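Beneath this line is the structure, given in structure tokens, with notes to follow.
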Amino acid sequence: MEKPSIPKGTRDFGPAAMGKRQFIFNTIRSVYQKYGFQPLETPTMENLSVLTGKYGDEGDQLLFKILNSGDYLKDVDSAKLEARNSKAITSSISEKGLRYDLTVPFARYVVMNRGEITFPFKRYQIQPVWRADRPQKGRYREFYQCDADVVGTTSLLCEAEIVMMIREVMKGLGVTDFTIKINHRGVLKGIADTIEATGKETALYVAIDKLDKIGKEGVSKELSEAGFAPDKIELLFNILNTTGSNEEKRLALTALFKSESGQKGLSDLKTVFDLLEASGSNQSNLEFDISLARGLSYYTGCIFEVKVNNVAIGSVSGGGRYDNLTASFGDKENLSGVGISFGVDRLYDVLEELQLFPKEIQRSSKVLICFLDTESMRYGLKVLAALRAAGIASELYPDESKLKKQLDYANKKMISFTIVIGEEERKEGKLMLKNMDAGTQEKVSLEEIIKTLST
RNA sequence: GUGGAUGUAGUUCAGUUGGUUAGAAUGCUAGAUUGUGAUUCUGGAGGUCGCGGGUUCGAGCCCCGUCAUUCACCCCA
């Protein structure tokens, strides 16, 4: 027998891990619902025609494809098959793939159901996605995303609410030291226009996005290799060196940018900041980061990224506004959308590292009923029913074993109370309640136990 | 897709310039304790040293290949 294993980059989640994961899911879900988002689920697999071409060439390579059922080689062009040309025959042997993110399936859903949807449509979606890249720290082939998006409005209130939701989620998780980075694709375009990088925007954005990672020297090296002149690179760093408050940076760039898209980006950001102020929210944890670019090619307006400070892991959340998404599904009236996505798996690693998981979530039953003889077990069944009727998570040890073993079981399951039932207790009509954390015990009535454990 | 590191008990790891029967801690299990756990004491089970080949009188250790894990790059949650 071969040793069993699971595919690279996938994980099992045992009871301890699930308690922690559900804490994260519940926190995010309740914030989303509080802001008026409604749940949506889409299929694990999509038709490849939906997925391909939405994530760029790199993204297409990272799609997991599903082999057609049945005699999948029957209709394949034999010349291509003979030539071992995998790419050329992919379309004939596979027509479905696993979803790569939640935004594209959402856009697909909106286009398919737009007759029935009331706009602006606010939906949240918590489901796993799959990417076929090589796993590393904080990076998996199967992982969960928690998305919230609004489509059908260009109002910048959505952007402001995204900032507020991020703050609430982080607060609910107990994370205090974090930074919400915000930028705008228009600002990036403004930089590109200012240093006359027309046609080389992508190389520029990719390079400056790495600023905090590889530093000024790394970025200028990369840019000169991409054909940027030294004086342009110098000009770029003059812009990126803009310091001060969000407002100061915005004013400095407003004076500098000549292009329309640059000014549009700055005025959008001003509106978002104003809306936050008007909501009674300040700009704490919010940083206008001129060098923030983000990879996904479909963002067109504001872009977000959330970093937990002093933890060596990539961003735990990201998002932005996209204007052209439904257009790629042949939608004539192009809908604008804006959204945010939290990476549960990374949040998990962060909370683990900072030891922020509440202790209670790891508990299962609140009380374990132990018994010493057959008759006491039957007596315990009534106690068990009464406890459950009172809404107290409880269980009865199923086997007739030594008390030692039963208590050991309670310890391992981190059950904080046990009830011991023997001949004495049956006669007296009282139960021995034992606090497993303190090590104390006393004989009390069932009513008193229910009262104690209900709090 | 590119490059580096690591594979020894369920887990975390020792293992000398290559030398006889591969160890520890922890966990598991049974007992000391027939009504009291997380402390203590005693016993027990548990290993194809990732896999395949090579060098050697002799390989856990050296060499080659392979697979797996992991870190970094590209890209990304």
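Proteins come first, then strands; the chains are lettered A, B, ... in the order of their sequence lines, and each starts at number 1. Since the model is a prediction, treat every value here as computed from it, not as a measurement.
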Item to complete: Look at all strands and tell whether A:Gly439 reaches a base, only sugar-phosphate, or nothing, counting heavy atoms closer than 4.0 Å.
Response: base
Worksheet item: Any donor-acceptor pair under 3.5 Å joining the side chain of A:Gln441 to the base of B:rU36?
Response: yes
Discussion item. When you compare the side chain of A:Met436 with that of A:Ile415, does any pair of heavy atoms fall below 4.5 Å?
Written reply: no
Discussion item. Can you check the distance between B:rA59 and B:rG53, where both ends of the measurement are the P atom (answer in whole Å)?
Written reply: 13 Å
Strictly under 3.5 Å: I want the nitrogen or oxygen pairs between protein and nucleotides 26-28 of chain B, one per line.
residue	atom	partner	partner atom	Å
B:rC28	OP1	A:Lys412	NZ	3.0

Item to complete: Could you measure between the two C1' atoms, the one in B:rU29 and the one in B:rG18, and give it in whole Å?
Response: 38 Å
Worksheet item: Which value, in whole Å, describes the distance between the P atoms of nucleotides B:rG4 and B:rC64?
Response: 13 Å
Practice prompt. Take atom CD1 of A:Ile303 and atom C1' of B:rC76, then tell me their distance rounded to the nearest Å.
Written response: 14 Å
Worksheet item: Between the side chains of A:Glu395 and A:Tyr409, is a donor N or O closer than 3.5 angstrom to an acceptor N or O?
Response: yes
Worksheet item: For B:rA68, which nucleotide in any strand shown is its Watson-Crick or wobble partner with both distances under 3.5 Å?
Response: B:rU6
Practice prompt. Sticking with atom P, work out how far B:rC49 lies from B:rU21, rounded to a whole angstrom.
Written response: 14 Å
Response to the item:
Paired to B:rA25 by Watson-Crick or G-U wobble criteria (both distances under 3.5 Å) is B:rU11
Item to complete: For A:Lys402, answer base if it contacts any base atom (sugar-phosphate contacts may also be present), sugar-phosphate if it contacts only those atoms, and nothing otherwise; contact means non-hydrogen atoms under 4.0 Å.
Response: sugar-phosphate
Item to complete: With a 3.5 angstrom cut-off on both distances, give the Watson-Crick or G-U wobble partner of B:rU55, or none if there isn't one.
Response: none
Worksheet item: Between B:rA77, B:rA30, B:rG35, which one does the side chain of A:Ser315 approach most closely?
Response: B:rA77
Compile the donor-acceptor pairs under 3.5 Å between side chains in residues 367-374 of chain A and protein atoms, sequence neighbours left out, one pair per line.
residue	atom	partner	partner atom	Å
A:Asp373	OD1	A:Glu375	N	3.2
A:Asp373	OD1	A:Ser376	N	2.9
A:Asp373	OD1	A:Ser376	OG	2.9
A:Asp373	OD1	A:Arg426	NH1	3.0
A:Asp373	OD2	A:Ser376	OG	3.2
A:Asp373	OD2	A:Arg426	NH1	3.4
A:Thr374	OG1	A:Glu400	OE1	3.2

Worksheet item: Crowded around A:Gln38 CD? As in, over 12 foreign heavy atoms under 6.0 Å?
Response: no
Worksheet item: With sugar-phosphate meaning primed atoms plus P, OP1 and OP2, does A:Val206 contact a base, only sugar-phosphate, or nothing at under 4.0 Å between heavy atoms?
Response: sugar-phosphate
Discussion item. Can you measure A:Arg131 atom CZ to B:rG1 atom P for me and round it to whole angstrom units?
Written reply: 18 Å
Discussion item. What's the gap between B:rU16 and B:rA72 when it is taken at their P atoms, as a whole Å value?
Written reply: 30 Å
Worksheet item: Which part of the nucleic acid, if any, lies within contact of A:Glu424, taking any heavy atom under 4.0 Å across all strands shown: a base, the sugar-phosphate backbone alone, or nothing?
Response: base
Worksheet item: Roughly, in whole Å, what's the span from OH in A:Tyr144 to P in B:rC76?
Response: 24 Å
Worksheet item: NA contact type, A:Glu425, heavy-atom cut-off 4.0 Å: base, sugar-phosphate, or nothing?
Response: base
Worksheet, complete the sentence: dist A:Leu211:CG -> A:Lys216:NZ (nearest 0.5 Å) comes out at 9.5 Å
Worksheet item: Ring-on-base stacking between A:Phe143 and B:rA77, under 5.5 Å between centres and under 30° between planes: is it there?
Response: yes
Item to complete: For B:rC28 versus B:rG10, give the span between their C1' atoms, rounded off to a whole number of Å.
Response: 8 Å
Worksheet item: Can you find a pair of side-chain heavy atoms, one from A:Phe37 and one from A:Gln33, that are under 4.5 Å apart?
Response: no
Worksheet item: Just how far, in rounded Å, is C1' of B:rA77 from CD of A:Gln127?
Response: 16 Å
Worksheet entry | Distance, C1' atom - from B:rG1 to B:rA45, rounded to whole angstrom | 47 Å
Worksheet item: Roughly how far apart, to the nearest Å, are B:rG3 and B:rG44 at atom C1'?
Response: 48 Å
Fill in: Close side-chain approach of A:Thr153 and A:Ser336, heavy atoms under 4.5 Å
no
Fill in: Nearest-angstrom distance from the residue atom CG of A:Leu347 to P of B:rA77
14 Å
Item to complete: Would you indicate what A:Tyr409 reaches in the nucleic acid, counting non-hydrogen atoms under 4.0 angstrom: base, sugar-phosphate, or nothing?
Response: nothing
Fill in: A:Asp149 vs A:Arg123, side chain to side chain contact (heavy atoms under 4.5 Å, CB included): CA-CA, chis, key distance, verdict
CA-CA 6 Å; A:Asp149 291 79; A:Arg123 84 87 174 78; 2.9 Å; yes
Worksheet item: Quick one: which of B:rA38, B:rC76, B:rC74 gets closest to the side chain of A:Asn411?
Response: B:rA38
Worksheet item: Mapping A:Val316 and A:Ala438 to their closest nucleotides on RNA chain B, which lands nearer the 5' end?
Response: A:Ala438
Fill in: Given RNA chain B, 5'-ward residue of the pair A:Leu407 and A:Leu62, judged by closest heavy atom
A:Leu407
Worksheet item: Would a 4.5 Å heavy-atom cut-off, applied to side chains only, mark A:Glu425 and A:Lys430 as touching?
Response: no
Worksheet entry | G-U wobble or Watson-Crick pairing nucleotide for B:rG1 (cut-off 3.5 Å, both distances) | B:rC73
When you compare the protein's N or O atoms with those of nucleotides 66-72 of chain B, which come within less than 3.5 Å of each other, and at what distance?
residue	atom	partner	partner atom	Å
B:rU69	OP2	A:Lys8	NZ	3.3
B:rC71	OP2	A:Lys137	N	3.1
B:rA72	OP2	A:Gln136	OE1	3.4

Discussion item. Testing the 3.5 Å rule here: is there a donor-acceptor pair between the side chains of A:Asp289 and A:Ser291?
Written reply: yes
Response to the item:
In whole angstroms, the gap separating C1' of B:rA77 from CD1 of A:Ile166 amounts to 13 Å
Worksheet entry | Close side-chain approach of A:Phe288 to A:Leu269, heavy-atom, < 4.5 Å | yes
Response to the item:
Against the side chain of A:Lys210, the closest entry in B:rC74, B:rG35, B:rG37 is B:rC74
Response to the item:
note: A:Asp133, atom CG; B:rC74, atom P; distance rounded to Å ~ 13 Å
Worksheet item: Between the base of B:rU36 and the side chain of A:Lys434, is there a donor-acceptor distance below 3.5 Å?
Response: yes
Practice prompt. Take atom CG of A:Leu403 and atom P of B:rU33, then tell me their distance rounded to the nearest Å.
Written response: 16 Å
Worksheet entry | Closest listed nucleotide, where the reference is the side chain of A:Val420 and the choices are B:rG37, B:rA77, B:rG35 | B:rG35
Worksheet item: Heavy-atom count around A:Met45 CE within 6.0 Å, excluding the residue itself: above 12?
Response: no
Discussion item. Is there a side-chain contact between A:Gln125 and A:Glu41 in this structure, where contact means two heavy atoms from C-beta onward sitting under 4.5 Å apart?
Written reply: no
